[in-house]
Peer 1: 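Handing you a structure now.
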Amino acid sequence: MAAAAEAAGADALSMINTLTGMKIDINTRRPVIRNNTGGLSGRAIFPVAVRMVWQAAQRVKIPIIGLGGIATWQDAVEMMLAGASALQIGTALFTEPYSPQKILAGLSDYLDKNGIEGVAELTGKVVPW
Ligand SMILES: Cc1cc2nc3c(=O)[nH]c(=O)nc-3n(C[C@H](O)[C@H](O)[C@H](O)COP(=O)(O)O)c2cc1C
């Protein structure tokens with residue numbers, strides 16, 4: 001899909017969206033969401049997002065905006081190492097509205113401690129086995 005979007009002229013990719021989940025009330029035996037299924041976001045999907053960004057980054061040259069479960073500065077570093085050039089934060093804001101500021105501060109500290117000039121140096125720098 002990433003390669004198809006690039007071939008069709010996309011300037012960048014934003015990934016990932018939610019993964020479809022389902023929750024059932026064991027007493028009523030009814031799905032708790034009226035639509036029966038719904039989008040699962042937040043920390044649970046982070047490893048899937050990292051994997052997908054990493055795979056897509058190996059196939060396309062256009063920049064990837066990484067999202068899906070990012071909640072800490074460590075998550076931000078990880079997502080950039082996987083191949084993201086920029087990040088989005090969604091669900092984390094519901095429980096920690098100041099998470100972007102905390103992530104920025106943590107990222108800045110990480111760059112200083114590791115002698116890295118800018119976050120762009122992190123993009124795609126994972127060293128796969
Ligand atoms: C309340 C809510 C509404 C969302 N609405 C949309 C939407 O309208 N269109 C869309 O493409 N993604 C939508 N998303 C998905 C987010 O853009 C994002 O891809 C996903 O939540 C994963 O990131 P996160 O874990 O940081 O929230 C929504 C997510 C949430 C939690």
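Keep in mind that this is a model prediction, so the values were computed, not measured. Order of listing sets the numbers, starting from 1, for every ligand and every atom in it.
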Peer 1: Please name all residues satisfying side chain to side chain donor-acceptor pair (under 3.5 Å) with D109, sequence neighbours left out, ordered by chain then number.
Peer 2: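 By the side chain to side chain donor-acceptor pair (under 3.5 Å) rule, D109 matches K113.
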
Peer 1: Give the atom numbers and elements of ligand 1 that come within less than 4.0 Å of a heavy atom of S41.
Peer 2: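 So the atoms of ligand 1 that pass are 21 (O), 25 (O), 27 (O), 31 (C).
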
Peer 1: Looking only at non-hydrogen atoms, find the nearest pair between I103 and W73 and report the distance.
Peer 2: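 That closest heavy-atom pairing would be O-CB, 3.5 Å.
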
Peer 1: Of all the non-hydrogen atoms in the protein, which one sits nearest to atom 1 (C) of ligand 1, and at what distance?
Peer 2: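 Scanning the protein heavy atoms, the shortest distance from atom 1 (C) of ligand 1 goes to F94 CZ, 4.2 Å.
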
Peer 1: Under 4.0 Å from a heavy atom of G42: which atoms of ligand 1 are those, numbered in the order shown and with their elements?
Peer 2: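 Contacts of ligand 1 toward G42, numbered from 1: 25 (O).
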
Peer 1: Please report which non-hydrogen protein atom sits nearest to atom 26 (O) of ligand 1, along with the residue it belongs to and the distance in Å to one decimal place.
Peer 2: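 Here the closest protein heavy atom is G90 N, 3.0 Å.
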
Peer 1: Is any N or O atom of L67, backbone or side chain, closer than 3.5 Å to an N or O atom of ligand 1?
Peer 2: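 Such a contact does not occur with ligand 1.
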
Peer 1: Restricting to non-hydrogen atoms, name the atom on M79 and the atom on G66 that form the minimum distance, rounded to 0.1 Å.
Peer 2: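 Answer, listing the atom of M79 first, then G66: CG-CA, 4.0 Å.
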
Peer 1: Using a 3.5 Å cut-off and no angle test, enumerate the donor-acceptor pairs between side-chain atoms of residues 2-24 and protein atoms at least two apart in sequence or in another chain.
Peer 2:
{"from": "E6", "atom 1": "OE2", "to": "K61", "atom 2": "N", "distance (Å)": "2.6"}
{"from": "E6", "atom 1": "OE2", "to": "I62", "atom 2": "N", "distance (Å)": "3.2"}
{"from": "S14", "atom 1": "OG", "to": "Q88", "atom 2": "NE2", "distance (Å)": "3.0"}

Peer 1: Under 3.5 Å, is there a donor-acceptor pair linking the side chains of Q55 and R51?
Peer 2: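 Indeed, the side chains of Q55 and R51 share at least one donor-acceptor pair under 3.5 Å.
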
Peer 1: Could you check whether any heavy atom of G69 sits closer than 4.0 Å to an atom of ligand 1, since that is the contact criterion I want to use?
Peer 2: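 The answer is yes: ligand 1 sits under 4.0 Å from a heavy atom of G69.
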
Peer 1: More than 12 foreign heavy atoms under 6.0 Å from CD of E117: is that the case here?
Peer 2: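 It does not: E117 CD has 12 such atoms or fewer within range.
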
Peer 1: When you measure from atom 30 (C) of ligand 1 to the protein, is at least one non-hydrogen atom found at a distance under 4.0 Å?
Peer 2: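 It does not: no protein heavy atom is found less than 4.0 Å away from atom 30 (C) of ligand 1.
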
Peer 1: Looking only at distances, can you tell me whether any N or O atom of I16, backbone or side chain, sits closer than 3.5 Å to an N or O atom of ligand 1?
Peer 2: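 Such a contact does occur with ligand 1.
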
Peer 1: Measuring from atom 14 (N) of ligand 1, which candidate in N17, T91, I45 has the nearest non-hydrogen atom?
Peer 2: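 The option holding the nearest heavy atom is N17.
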
Peer 1: Check G83 against A57 and note the closest heavy-atom contact, atom names and distance.
Peer 2: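 Of all heavy-atom pairs spanning G83 and A57, the closest is CA-CB, 3.9 Å.
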
Peer 1: What protein heavy atom sits nearest atom 20 (C) of ligand 1, and how far off is it?
Peer 2: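 Nearest neighbour among protein heavy atoms for atom 20 (C) of ligand 1, to 0.1 Å: T18 CG2, 3.9 Å.
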
Peer 1: Just to confirm, does any protein heavy atom lie below 4.0 Å from atom 18 (C) of ligand 1?
Peer 2: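 At least one protein heavy atom is under 4.0 Å away.
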
Peer 1: Mind checking whether S99 and L93 have side chains closer than 4.5 Å, heavy atoms only?
Peer 2: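 Side chain of S99 against side chain of L93, heavy atoms only: contact under 4.5 Å found.
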
Peer 1: Hey, could you give me the CD1/CD distance between I89 and E96, rounded to the nearest 0.5 Å?
Peer 2: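 So the gap between those two atoms works out to 10.5 Å.
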
Peer 1: For atom 23 (O) of ligand 1, tell me which residue out of S14, G68, G38, A44 has the closest non-hydrogen atom.
Peer 2: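 When every heavy atom of S14, G68, G38, A44 is considered, G68 comes closest to atom 23 (O) of ligand 1.
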
Peer 1: Within a distance of under 4.0 Å, is there any protein heavy atom near atom 9 (N) of ligand 1?
Peer 2: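 There is no protein heavy atom less than 4.0 Å from atom 9 (N) of ligand 1.
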
Peer 1: Take atom 12 (N) of ligand 1 and look for protein heavy atoms under 4.0 Å from it; say yes if you find one, no if not.
Peer 2: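 Flag for atom 12 (N) of ligand 1 set to true, protein heavy atom closer than 4.0 Å.
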
Peer 1: How about atom 4 (C) of ligand 1: does it have a protein heavy atom within less than 4.0 Å?
Peer 2: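 So far as the 4.0 Å threshold goes, atom 4 (C) of ligand 1 is out of reach of every protein heavy atom.
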
Peer 1: Give the C-alpha distance, both sets of side-chain angles, the deciding distance and a yes or no for side-chain contact (heavy atoms from CB on, under 4.5 Å) between L111 and L122.
Peer 2: CA-CA 9 Å; L111 297 185; L122 298 174; 4.2 Å; yes

